[in-house]
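Have a look at the structure below before the remarks.
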Amino acid sequence: MALLEVSDLHVSFPTPDGVVQAVRGLSFAAEAGKTLGIVGESGSGKSVATQTIMGLTRGARVSGQAMFEDKDLLAMDQKALRSVRGDEVGMIFQDPLSSLHPYYRVGWQIVEMIRNNHKDISKAKAKARAVELLGLVGIPQPDRRVDDFPHQFSGGMRQRAMIAMAMSLNPKLLIADEPTTALDVTVQAQVLQVMRRLQEEFGTAIILITHDLGVVAEVADDVVVMYAGSAMEKADRYEIFGASHHPYTEGLLQSLPAYGGVRERLHPIPGQPPSLINLPGGCPFHPRCPYVMDRCRIEEPPLFEVGGNPTHTSACWLTLDLVERTALRDKVVGGQLPSPSRP
Amino acid sequence: MVRFLIRRVALGVFVMFVVTIVVFLIFFVGPGRADVARTLAGRQATPATVALVSHRLLLDRPLTVQYWHFLDGLLHGNLGYSYYHGQPVTTILKQAFPVTLSLALGAAAIWLVVGVLSGVLSAVRSRSIWDRIVTVLALFFYSMPSFVLGLLLLYIFYYQFALHGIHIFPGAGYTYLTADPLKWFEGLVLPWITLALVSAAAYTRLTRGSMLDVMNEDYVRTARSKGLSENRVIYRHALRSALTPVISQFGIDLGVLAGGAVITETVFGMPGLGFTAVHAIQSQDLPVIIGVVIVASAAVVVANILVDTFYAVLDPRVRLH
Ligand SMILES: Nc1ncnc2c1ncn2[C@@H]1O[C@H](COP(=O)(O)OP(=O)(O)OP(=O)(O)O)[C@@H](O)[C@H]1O
Ligand code: SF4
Ligand SMILES: [Mg+2]
């Protein structure tokens, strides 16, 4: 059984303009020792979905289930949730600049995290651990920088401090929301390396949220592609990169710079994501889809198994036979994508 | 931090220097030299006496010499003598100052504690019945002039209590802390409330708004994600930041505190600086007026330094730059 199993998650925000349907019937699972990548354009509901599971979304209507081990996180009261937060689930938030408290020293904030969950650890020991963690995520001179305030850190250093804090208690699950966006390529590789080490050592399950498919290609075992609050396609990494089915996934792949290695021009997906207050009827992607059919405008497709593979599903009315799907792709977009193959 | 303090104290000294110049210009130069000498010499004085007084007061010397003399006296704690009681002004101020200090410190404490805590309650339970009760009470006190509140409190807790044979709160006067601590406290309760509640109401609204903003900050979400208790999230993480605008507003409102003290002392007949000043103004007792102005300015300057220091302790970004 998966460590975390989310099923049919709905999150909506009542606002003066109408109800924002941020997450609509999302299901996914995170397994111990594995990394789940969640990708999707800005506003597709990645952050809202993962924060809601941990009870950190304010003013939202929520339904669904989130089984963590044998407990439903969505049915827990705040007190019970508190014992899961930090200790069992570590969270790295998207915006490193504002996610640390500006008035407290970085080390103090990490020590608070450690001692809040393990009262028996002495202050000195917790601080030593904070220094060790900061060193681990590549902060130079961690024994001195541990006493800095967040504003004395660069953006990338703050992000690494957040990562150090989230990993300080060796959680069973690490939810990392865009953990590498503010980092340059070498540091990014270093940070992903640190997360992988944690995973290997403690069998941590990682949920990695990103809109960088390059990062996904590097570390994710399984991938969920999100659009307008729901999953468009779910598959393991090889299927996503080698044998994707959904036109939205295809669009994301085409906008990836080095995909296929030879193309120079990028192909961003034309059009804008839909308003989450007035979703288009039928398939939410239909206004931007090059394959759109009559049926797509009327009926919303559920997730179908692709090519008879139970671990690869796609919410699209196109033929589920991968060979036919590839032939169609060649006809419509002119064979810009390599044919499906396992790397 | 030390550099910050040195800078703040130097600024305070400079402000006091400016205050002495202004006071000097208004009271010694403003009305004209002859007027001051004539006033001081008395109604029936001969021109010779006036000239003598003029000479004694250095009024026939250049302004800079006069000012230096004034400052010299000030620095040696010599503020002259009251026209009416003939007492040294410093003696009068020494008696009045503790009264006002007791009133102001106690009221400021109640003002901040009541204002901030009710604001936090109102924000954390936003839109609940508590929020509404606090909001209505805050509006009630906010719109009430402090002398009305003072008289109302006197009517209920002094007059009506006395009619029923209860004598807890005195109707007027002041007992020194050193003389009888309990009486000191009893005498101050109503003035404290009078001076504090009117301003506290504004701080309830200020704290509420500030808390509501901060509760939406990313770092408060981070605090929750660490598994901290709700109290720790509210008081250690959110309130810590929400206090910053409250404290800086308090620094600005110290003058309001001084003004409110004058009214409160008058309503409750407390012989503090404000009460002394009102009487001195009515009787044109110039040296006493000057003394009160200078002591009150110095007190506000010192209080301002304390508030700023507290502000710097709260916000490291202020401290380090
Ligand atoms: N408190 C809220 N009230 C109303 N709408 C909200 C609220 N929080 C989020 N939303 C909306 O929910 C949608 C999903 O937001 P979310 O932050 O999950 O996107 P995301 O996939 O994480 O995007 P990004 O890649 O930019 O981080 C957005 O349209 C956002 O405007
Ligand atoms: S269902 Fe239709 S519109 Fe939607 S992605 Fe598939 S082909 Fe495109
Ligand atoms: Mg996000």
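Numbered from 1 within each chain, the chains take letters A, B, ... in sequence-line order.
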*Might you point out which heavy atoms bring Asn117(A) and Lys226(B) nearest each other, and give the distance in Å?*
ND2-O, 3.4 Å
*Taking the side chain as every heavy atom from C-beta outward, state whether Arg85(A) and Leu228(B) have any atom pair closer than 4.5 Å.*
no
*So which bits of residues 203-218 of chain B come within less than 4.5 Å of chain A, counting non-hydrogen atoms only?*
Met215(B), Asn216(B), Asp218(B)
*In Å and rounded to the nearest 0.5 Å, what is the CG to OG distance from Leu81(A) to Ser225(B)?*
12.0 Å
*Checking heavy atoms, do the side chain of Gln51(A), its backbone, both or neither come under 4.5 Å from chain B?*
side chain
*Do you know which of Met113(A), Gln78(A), Met91(A), Met162(A) has the most heavy-atom pairs with chain B at a distance under 4.5 angstrom?*
Met113(A)
_Within the structure provided, determine whether Arg82(A) and Glu230(B) are in side-chain contact (heavy-atom separation under 4.5 Å)._
yes
*Do you know which of Gln94(A), His101(A), Met165(A) has the most heavy-atom pairs with chain B at a distance under 4.5 angstrom?*
His101(A)
*Given that the side chain runs from C-beta out, which part of Met54(A) has a heavy atom under 4.5 Å from chain B: side chain, backbone, both or neither?*
neither
*Who are the salt bridge (charged side-chain N to carboxylate O under 4.0 Å, His left out) partners of Arg232(B), not counting sequence neighbours?*
Glu112(A)
*Check whether more than 12 heavy atoms from other residues, nucleotides or ligands sit under 6.0 Å from atom NZ of Lys123(A), and answer yes or no.*
no
*Considering only heavy atoms from C-beta outward, does the side chain of Tyr219(B) approach that of Ser98(A) to under 4.5 Å?*
no
*Which atoms of Asp87(A) approach chain B - backbone, side chain, both or neither, heavy atom under 4.5 Å*: neither
*Is the count of non-hydrogen atoms from other residues, nucleotides or ligands lying under 6.0 Å from Phe147(B) atom CZ greater than 12?*
no
_For a quick test of reading the model, state the closest non-hydrogen atom pair linking Ser241(B) to Tyr103(A) and the distance between them._
CA-CE1, 3.5 Å
*Mind checking whether Trp108(A) and His237(B) have parallel, tilted or perpendicular rings, split at 30° and 60°?*
tilted
*At a heavy-atom separation under 4.5 Å, does Pro150(A) approach chain B through its side chain, its backbone, both, or neither?*
neither
*So, for Arg236(B) and Tyr104(A), which heavy atoms are closest and what is the spacing to 0.1 Å?*
O-OH, 2.6 Å
_Tell me if the NZ atom of Lys125(A) is crowded by more than 12 foreign heavy atoms within 6.0 Å._
no
*Do other residues, nucleotides or ligands put more than 12 heavy atoms under 6.0 Å from the CZ atom of Phe13(A)?*
yes
